[in-house]
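Step one of this worksheet: look at the structure below.
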Amino acid sequence: MKTIDLVVPCYNEEEGLEHFVLETNKVIDTIPDYSFRYILINDGSKDKTYLVMKKLAARFSNIKYISFSRNFGKEAAMYAGLQHCDADYVVVMDADLQHPPAVFPQMIEAMEQGYDCCATKRDEREGESFFRGFFSKLFFTLSNKMTSVKNPYGAMDYRMMTRQMVNSILELSEVQRFSKGIFSWVGFNTKWISFKTVDRQLGTTSWKFSSLLRYAIDGITCFSVTPLRFIAVMGAIIFFISLIYIIITLVQTLFLGVITPGYVTTMCAILFLGGLTEMSIGILGEYIGRIYMETKERPIYITKFSNFEDENNEEADGGSYEQSGK
Ligand code: UDP
Ligand code: MG
């Protein structure tokens with residue numbers, strides 16, 4: 001019997017986690033030819049997600065969990081899950097049922113047809129604000145143009161992959177992870193399926209506009225040096241324009257004498273070049289920061305508790321534990 005591991009990052013999901021498992025179990029029961037296992041990752045939740053996880057693991061034998069020592073982010077949680085899976089096929093999905101388990105049969109069918117990956121993209125972005133929709137379109141267009149990563153609009157992390165593809169993903173051990181880019185970067189045959197998105201029913205989304213902006217910047221800088229090239233090209237263009245301007249000014253001065261008025265041009269030049277320099281330094285800084293963080297080679301995550309046999313570090317009291325904040 002083929003096995004499928006479900007990697008599920010969970011952050012503050014105490015309200016919805018049980019519902020998620022029960023709903024997913026309903027779908028799993030309709031697919032008897034495959035054996036499913038959950039790998040739940042508690043990404044340093046500030047609520048009782050960990051306790052809910054433990055209870056679920058005690059109730060269902062196919063639930064494994066890893067609990068982080070603090071919040072490391074969804075990317076780190078996915079990485080931890082992928083590191084721990086050993087099934088034939090691996091699914092990464094959210095715990096809030098926005099990634100419907102109902103498409104499992106469709107995914108399995110694609111995998112059995114020989115695809116290495118069956119990924120999802122959202123069809124309609126109903127309920128999404130105009131603002132968010134606009135920026136996410138802009139992001140997909142920009143990142144497809146600027147990086148080697150090609151994702152269709154609305155591409156999501158939710159996907160089923162072969163073991164071989166997961167192994168390749170794990171080989172990319174960078175600390176600053178951008179999964180959508182990594183999934184695309186490793187290659188392999190991907191079949192895209194789409195479904196209508198649903199609103200999060202329980203709990204709240206942990207994304208703010210600032211974190212989405214951060215995510216977009218990560219998406220581009222992790223996979224491309226185009227911004228660096230852009231500032232170099234811009235510098236060159238401005239250099240040539242200023243050469244022409246210098247020649248014109250010199251000629252004017254030589255033939256017409258010293259022309260004093262020039263407040264506006266001087267101010268424009270100072271402000272424009274100043275702004276441009278600041279922006280260029282900012283872009284450079286973004287990359288230097290990344291180099292700095294990567295050279296530290298820190299672990300991507302730190303496990304505090306887990307019920308994987310080889311990591312026998314479950315805490316003894318088994319009950320009153322509640323993960324605290326920072
Ligand atoms: N998540 C996580 N760590 C975080 C933030 C989110 O593991 O720091 C998990 C969360 O529990 C959920 C998934 O990542 O299973 C997606 O999060 P969310 O639903 O908040 O994001 P959205 O659906 O809005 O992209
Ligand atoms: Mg969600």
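Note that these values count all heavy atoms, side chains included, but never hydrogens, waters or copies made by symmetry. Both counts, for ligands and for their atoms, begin at 1 and track the order of listing. Just so it is clear, the structure is predicted and the values come from calculations on it, not from any experiment.
- Judged purely by atom type and a 3.5 angstrom limit, R37 has no side-chain atom pairing as donor or acceptor with the backbone of S61.
- Which parts of ligand 1 touch E13 is read off a 4.0 Å heavy-atom cut-off, strictly below it: atoms 10 (C), 11 (O), 12 (C), 15 (O).
- With hydrophobic clusters built from ILVMFWY side chains whose heavy atoms lie under 4.5 angstrom apart, I288 does not share a cluster with V175.
- Heavy-atom proximity to D43, at under 4.0 Å, picks out these atoms of ligand 1: 2 (C), 3 (N), 4 (C), 7 (O), 8 (O).
- The N, O or S atom of D96 lying closest to the Mg ion (ligand 2) is OD2.
- Between F36 and F104, the angle of the ring planes stays under 30°, which puts this pair in the parallel group of the 30/60° scheme.
- The hydrophobic cluster containing L273, built from Ile/Leu/Val/Met/Phe/Trp/Tyr side-chain heavy atoms closer than 4.5 Å, also comprises V225, L228, F230, I231, M234, I238, F272, L276, M279, I283, L284, Y287.
- Of all atoms in ligand 1, numbered sequentially from 1 with element shown, those under 4.0 Å from a heavy atom of D96 are 19 (O), 23 (O).
- Backbone and side-chain nitrogen or oxygen atoms of P9 are examined, and one is located within less than 3.5 angstrom of a nitrogen or oxygen of ligand 1.
- At a 4.0 Å heavy-atom cut-off, ligand 1 touches N71 through the side chain alone.
- For ligand 1, the polar-atom distance check finds an N/O of A95 within less than 3.5 Å of one of the ligand's N/O atoms.
- Near Q98, meaning under 4.0 Å from one of its heavy atoms, ligand 1 places the atoms 19 (O), 23 (O).
- A salt bridge does not link R70 with D43: none of the charged nitrogens is closer than 4.0 Å to a carboxylate oxygen.
- The ligand atoms of ligand 1 that sit less than 4.0 angstrom from a heavy atom of G73 are 3 (N), 8 (O).
- With contacts defined as side-chain heavy-atom distances shorter than 4.5 Å, the pair M161/I169 qualifies.
- Taking the ring pair (Phe, Tyr, Trp, His ring centres under 6.0 Å) definition, one finds that Y38 meets it with nothing, sequence neighbours left out.
- Within ligand 1, the atoms closer than 4.0 Å to a non-hydrogen atom of C10 are 7 (O), 11 (O), numbered from 1 in the order shown.
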